[in-house]
Undergrad: 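The structure that follows is given in the form of structure tokens.
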Amino acid sequence: MDNIAGTKSSLTWAVHISVVLLVALWLFPTVGLLVSSFRTSDQIATSGWWKSMFPSEQNMIIRADAPEMQVLEGDIYVIEGDLFDPEKEVVVSVYGISSRAINAFEVGETGALSKGGDIVVSADGHYRMTNSEPFTGGRGQRIFVTAQSPPEFTLANYKNVLFDPNNREGMLSAFFNTLTVTIPATIIPILVAAFAAYALAWMDFPGRALLIAAIVGLLVVPLQLALIPLLKFHNEIGIGKGYLGVWMAHTGFGLPLAIYLLRNYMVGLPRDIIENARVDGASEFQIFVKIILPLSFPALASFAIFQFLWTWNDLLVALVFLIDSTGETTVMTKQIVELLGTRGGNWEILATSAFVSIAVPLAVFFALQRYLVRGLLAGSVK
Amino acid sequence: MHPALQGLITIIVGVSGCVGYFYFSNQFLDKVLFPPRGPNAGRNINRAEMIRPWLFLFPSLLALGLYLAYPVVETMRMSLMERVPGGGSEFVGLDNYRQMVNESKFWEALRNNILWLIVVPALSTTFGLLAAQLTDRIKWGNIAKSIIFMPMAISFVGAAVIWKLVYDTRPIDQDQIGVLNALYLWFGGEAPQTWLTIPFWNSFFLMAVLVWIQTGFAMVILSAALRGIPEETIEAAILDGANPFQLFFKIKMPQISGTIVVVWTTITIVVLKVFDIVFAMTNGQWETQVLANYMFDKLFRANDWGVGSASAMVIMLLVMPILIWNVRNARKEMQ
């Protein structure tokens with residue numbers, strides 16, 4: 001619409017600011033969880049994630065090496081070492097040797113130890129204690145430092161959640177279970193629906209309009225109604241709770257949308273191609289496989305994405321039809337709900353587990369967004 | 001057997017079974033049952049063409065009937081039955097419904113559901129419309145759209161974790177790690193709040209999660225509708241001196257009202273079925289119960305299938321107007 005006179009209003013900057021605000025509001029919660037998944041539990045518990053981006057000033061108590069580590073240099077006894085890992089870029093500003101005066105000395109300034117001797121702490125955390133007599137006592141001197149430490153992130157949470165075989169709350173097996181549920185539950189309804197959609201789009205038979213209306217009606221039937229009758233049914237035919245049941249349930253629940261989307265798309269395919277093929281003697285089966293299916297690829301793709309996201313993210317169907325009392329077939333969503341109950345305060349575990357489960361749909365989303373949008377538009381704007 | 005292997009086999013069996021069924025049933029129809037040759041060739045072709053659609057439809061109809069249509073009937077039947085000890089069940093008329101309306105939890109769930117039904121579609125549509133209108137006017141609009149649309153891909157459970165961190169509460173003498181409390185204190189709040197335990201208002205904090213997820217959907221659909229508005233109408237309005245607000249409310253809004261209704265009803269359906277968010281964040285405590293979670297409670301915790309089915313029927317009843325409206329629209333279109 002840029003070519004319309006007068007659309008460029010003076011409000012452009014206001015638009016930019018509003019959009020920035022909206023985007024920030026929508027992005028902020030997710031980023032919070034993502035950042036938290038790279039922090040240690042101490043870091044998460046002591047400061048908001050938004051502070052982790054900046055160097056933080058912290059007061060710390062660190063013990064110097066014990067007196068037994070002292071060495072004799074000439075005629076003075078020395079204990080020397082580093083308060084921090086030299087690789088970390090920590091900058092000490094002030095230090096002290098008593099909890100009553102934690103900022104008694106500037107870095108580089110020499111302080112007197114209470115039991116005799118001197119101490120110097122430099123900005124990088126290196127300390128040197130000297131005394132003309134041997135240091136005594138069992139434990140090292142406490143040093144109170146106020147230091148700026150740079151932002152620090154870790155992959156340890158992911159290692160723990162995904163690759164620790166001893167972690168019974170790990171996500172690895174749940175990840176594979178989810179995958180096992182998702183893939184058949186995405187592929188099978190597409191195929192079944194495609195045939196039905198073709199019949200509803202291009203074949204003439206009595207009752208066709210009624211069937212389409214019925215499918216539109218079934219689109220909105222809440223699947224809550226299906227839980228108990230189908231669980232009973234699955235128990236009666238002997239498949240009980242398990243993968244087979246959950247695949248069948250997802251197939252059934254996904255079909256109305258699949259048929260509806262695919263029919264709407266197939267109706268729009270050019271009539272000539274299909275008529276020509278019929279005249280040339282192709283059977284309906286051949287027309288379907290050789291012409292309709294390849295031409296319908298965009299619609300198939302959009303439904304596949306919907307179904308994938310829906311089955312991957314599903315909790316209810318898995319709870320009812322899949323997860324039995326042994327819990328071996330647990331899926332990620334269930335695992336996360338469980339963690340919310342038992343590990344409500346352990347944000348490093350929660351955040352990481354949630355992100356493991358969110359990562360795959362997000363990747364699919366960003367890679368195949370245009371098919372998703374196309375499907376949404378075909379399914380809704382009617 | 002390893003589940004992954006089982007999955008692979010299911011894919012192969014499922015896919016080849018499907019293809020095999022369609023192929024061989026068609027072959028059977030054309031070669032054996034009604035071959036298009038011999039004395040009755042013409043009649044046979046007609047008959048085959050009459051049967052073929054049903055061959056194509058059969059697996060879908062079976063699955064739809066078994067997994068969606070039959071459960072509706074069966075749930076209705078079960079809502080009128082009570083299980084008796086020792087197996088079996090007996091007809092009890094409306095007793096389950098009577099028991100349900102005497103429970104305060106049910107009314108709490110219904111009240112909350114109605115709140116959800118008003119607030120979530122309204123806010124999602126408004127934000128969606130706002131985002132669509134604004135992002136269409138700037139260069140980096142597509143990136144902004146992607147980001148606002150992104151929560152659509154996140155599971156309700158994942159969203160629940162994300163927002164629980166936002167709502168997190170720490171004692172007042174510690175640093176707050178939840179954004180909401182940090183902001184609340186920063187703006188002069190006295191003590192950190194445990195947002196999810198404040199009756200009545202906590203429902204709104206749960207609704208915020210669903211609004212956050214659904215806004216992207218509303219935005220995508222409405223943005224397409226906005227782009228579909230004929231440019232002449234806008235140009236004419238501008239030449240007549242309409243300001244941007246008049247342009248939006250008097251010219252654009254009326255032309256996309258149909259789409260707004262579609263978006264509104266679609267989100268309404270999602271709201272009626274909302275389960276995961278409440279289940280994961282509060283599990284209906286602190287007066288946040290909703291119908292779908294109430295039903296799950298009845299079915300799988302109280303093991304009361306009668307009342308559970310009755311509450312499922314209440315959800316169905318609430319969906320009914322939209323179902324009828326959709327079907328009528330679909331029929332109108334086909335004519």
Side-chain angles (χ1 to χ4, degrees), chain A residues 4 6 9 15-16 18-19 22-23 26-27 29-30 32-33 46-48 180 184 187-188 191-192 195-196 199 203 205 209 213 216-218 220-222 224-226 228-230 243 247 251-252 255 284-285 309 313 315-316 333 336-337 340 350 354 357-358 361-362 365 373 376-377 380-381, chain B residues 3-4 7 10-11 14 18 22 26 52-53 56-57 59-60 63-64 67-68 71-72 74-75 131 134-135 137-138 144 147-148 153-155 157-158 161-162 165-166 175 177 182 220-221 224 235 238 244 259 262 269 273 275-276 280 292 295 305 312 315-316 319 322-323 326-327 330-331 334:
Chain A
I4 301 177
S9 74
V15 172
H16 279 281
S18 317
V19 176
L22 264 179
V23 166
W26 254 255
L27 200 56
T30 319
L33 199 73
T46 51
S47 65
T180 313
I187 294 176
I188 293 172
L191 203 64
V192 176
F195 278 96
M203 290 177 171
F205 58 94
V216 172
L218 289 177
V220 298
V221 168
Q224 268 87 1
L225 272 82
I228 287 296
L230 289 180
Y243 285 112
W247 290 325
T251 302
L255 268 182
E284 296 284 342
F285 187 81
L309 291 179
N313 290 338
L315 170 68
L316 186 57
T333 44
I336 293 169
V337 170
L340 269 174
L350 265 176
S357 127
I358 292 171
L362 278 188
F365 171 84
V373 170
L376 271 186
L377 293 177
S380 304
V381 186
Chain B
T10 308
I11 295 176
C18 262
F22 288 113
N26 274 285
R52 198 183 321 278
F56 275 61
L57 285 166
S60 293
L64 285 176
Y67 275 83
L68 285 166
V72 175
E74 174 69 6
T75 302
L134 293 177
T135 51
R137 301 176 59 166
I138 52 175
I147 289 170
I148 296 175
I154 296 176
S155 60
V157 175
V161 177
I162 289 176
L165 182 61
V166 172
D175 250 12
I177 66 166
V220 166
I221 307 272
E235 203 158 13
I238 291 171
T259 314
V262 170
I269 300 283
K273 298 191 250 182
F275 161 77
D276 313 32
M295 194 206 89
W305 290 12
I315 301 178
M316 185 67 205
V319 172
I322 298 174
L323 190 152
N326 275 359
V327 169
R331 301 210 62 155
M334 273 183 287

Undergrad: With only heavy atoms counted, which part of A:T333 is less than 4.5 Å from chain B, the side chain, the backbone, both or neither?
TA: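 Contact with chain B involves both backbone and side-chain atoms of A:T333.
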Undergrad: Using non-hydrogen atoms only, which part of A:A196 is less than 4.5 Å away from chain B: side chain, backbone, both, or neither?
TA: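 Backbone plus side chain of A:A196, per the 4.5 Å heavy-atom cut-off to chain B.
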Undergrad: Measure distances from B:V166 to the heavy atoms of chain A and classify the residue's part below 4.5 Å as side chain, backbone, both or neither.
TA: side chain
Undergrad: At a heavy-atom distance under 4.5 Å, which candidate from B:I154, B:V220, B:I315, B:I322 has the highest pair count against chain A?
TA: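 Looking at each option in turn, the highest pair count goes to B:I154.
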Undergrad: Under 4.5 Å heavy-atom distance to chain A, tell me which part of B:I162 shows up: side chain, backbone, both or neither.
TA: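 Both parts, backbone and side chain.
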Undergrad: Can you find a pair of side-chain heavy atoms, one from A:I188 and one from A:W247, that are under 4.5 Å apart?
TA: no
Undergrad: Taking C-beta and beyond as the side chain, do B:F22 and A:L191 meet within less than 4.5 Å on heavy atoms?
TA: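 No - every pair of side-chain heavy atoms lies 4.5 Å or more apart.
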Undergrad: Identify which part of A:L230 has an atom lying under 4.5 Å from any heavy atom of chain B, answering side chain, backbone, both or neither.
TA: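 Just its side chain gets close to chain B.
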Undergrad: Rounded to the nearest 0.5 Å, how far does CD1 of B:I147 lie from OG1 of B:T135?
TA: 11.5 Å
Undergrad: At a heavy-atom separation under 4.5 Å, does A:I187 approach chain B through its side chain, its backbone, both, or neither?
TA: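 Just its side chain gets close to chain B.
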Undergrad: Looking at B:P59 and A:V192, what are the two nearest heavy atoms and their distance?
TA: CB-CG1, 3.9 Å
Undergrad: Please report the shortest heavy-atom distance between B:L68 and A:G252, naming the atom on each side.
TA: CD1-O, 3.7 Å
Undergrad: Please state whether the side chain, the backbone, both or neither of B:A330 comes within less than 4.5 Å of a heavy atom of chain A.
TA: side chain
Undergrad: With B:N26, which residues qualify under side chain to side chain donor-acceptor pair (under 3.5 Å), at least two apart?
TA: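 B:N26 satisfies side chain to side chain donor-acceptor pair (under 3.5 Å) with B:R52 only.
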